Amino acid sequence: MSDLNKNLKVWDLPTRVFHWSLVILVAVGLITGFISPESWMGIHVWAGYGTVLLVIFRLVWGIFGSEFSRIETFSFTIKQLIAHINELIFLRPLHYIGHNPAGAMMIFALIFFLFGISTSGLLVLGGEENQGPLAGAVNFQVGDMASEVHTTLVFILMALICFHITGVIIEIYLTGENLVKSMIDGYKVIPKGKTAPEIRPSRPIAAASFLLAFAILSGSVLWAFSTMPPSGIIQMAANSDYATECGDCHEVYHPSLLPLVSWAKLMGDLEDHFGEDASLDQDVTNNISEHLNVYAAEAWDTEASNRFSKVSSDAPYQISATAYWQRKHTDIDPEVFKRNGIGGKGHCVSCHSDAATGHFDDQNIKIPES
Amino acid sequence: MKTLNKTNVITAVVLLIGGLSPNLASANSARDTIISGFSSVAELPVSAERGKALFESSPAAGKPDTPSCTTCHGASPMTSGMTRAGKPIEPMAVSVTAERFTDLKKVQKWFRRNCKSVLGRECTAQEKGDFLTFMSSR
């Protein structure tokens, strides 16, 4: 420690708050994305919005922040980066007061991938779930593709986070400087002989007005998008025969949950309907068939209408026999379906409060306790 | 506020009964019409006894999952039953569920289905009359 002396405030408060808030939001995003039940998807989405705001803030602060928060102070040339990596390989890194070239690259990469993850997430939300500002602008297919991009980027992000942490540990080891503590209290030490640079102060008012202008602009763009009605959701005329006759023994299934051929087959098999006679007068049968014909899965573009269209060949009109249904419900103990408050696999509404609308939003899933 | 006096209470009760009874009466007459429709073409006079036996028997001659009327309607007409898909069914006894068996179309539809499911055939007018008579006596 003898050759290190002067303490210098390097990371200003907004940069430090940004750093640790981002740590928290990314952790929340990873936990709610991979581990917690789907009903927590609302939190996941908010973590996503929060991340975008943080990243945007950081870019603005990269212009108006104090000396070492400014992007220009850690924009290195490729040559400098290679030199730095060489120094690392020979375990003799030079001391940098602000970010070193490897750290700087990491920051740009993190910001790039966080942007990609947030954008693709917004597309998944709008396309697959028909929620969020892009619900009207993005169809299911695009959302489905975005979902794969989203996952891939998240895996890259996790790798980057590992690199970042490893890098910090190595630098601490090699330079003897506690970088974690620096990111908490803001101080770094300046080696003897090195003069502290002139520190330009931050310009919070400029930053705030820039952010405000940006918020108004992007907010109104998103708002304009969000006024578009959700894509793939159509107005369905009421059909009292369907609602009463098909709701006598179980809940009324939303017509979007099965494709045309499945409904047609079901209506033809009513005399032996899941081990029961559910036959109807011919005119009522015709009326219901017509309703299902108009509003079957093909007429919609929702997650449920797309997923359940791939029906099981053994039970072509059983929603709960589709591969997607089975996959989504494997984690549920079979005993749970036998609970009084539930009443079987086919009783979707006991766990999906929005089942009657055909939406099946993640936020509306709740398994009754008894 | 004025407390309720006797005349008010009596008026209320009279109005209440007056308001309800036509409905009850019309429900009863609608049901009677349905029952007599069956009994008029039945061989024997309708019997609550035979209706009870039909309800409680387990012919298991129809579909394997529905051996008896009680599979869905529960062991007693006085209590609720449940469909195989888990939806509650109001008790069948008329004394508990007053609007039972008042819509001929509905009655016919369910006799057709449930008799086929349980007995493997349609019920006769005799069986229908017996069943409804039993349920009306409960």
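Reminder, nothing fancy here: chain letters follow the sequence lines and each chain counts from 1. Not measured: the values here are computed from a predicted model.
Within a 6.0 Å radius of CD in Glu298(A), more than 12 heavy atoms belonging to other residues, nucleotides or ligands are found. Heavy atoms from other residues, nucleotides or ligands lying under 6.0 Å from CD of Glu122(B) number more than 12. Within a 6.0 Å sphere centred on CH2 of Trp46(A), heavy atoms belonging to other residues, nucleotides or ligands number 12 at most. More than 12 heavy atoms of other residues, nucleotides or ligands shown are found within 6.0 angstrom of CD on Gln326(A).
Within residues 279-289 of chain A, the residues having any heavy atom closer than 4.5 Å to a heavy atom of chain B are Ser279(A), Leu280(A), Asp281(A), listed by residue number. Residues from residues 238-276 of chain A that place a non-hydrogen atom less than 4.5 Å from a non-hydrogen atom of chain B comprise Glu245(A), Gly247(A), Asp248(A), Cys249(A), His250(A), Glu271(A), Asp272(A), Phe274(A), Gly275(A), Glu276(A), given in numerical order.
Here the closest non-hydrogen pair linking Lys116(B) and Asp277(A) is CD-OD2, 3.0 Å.
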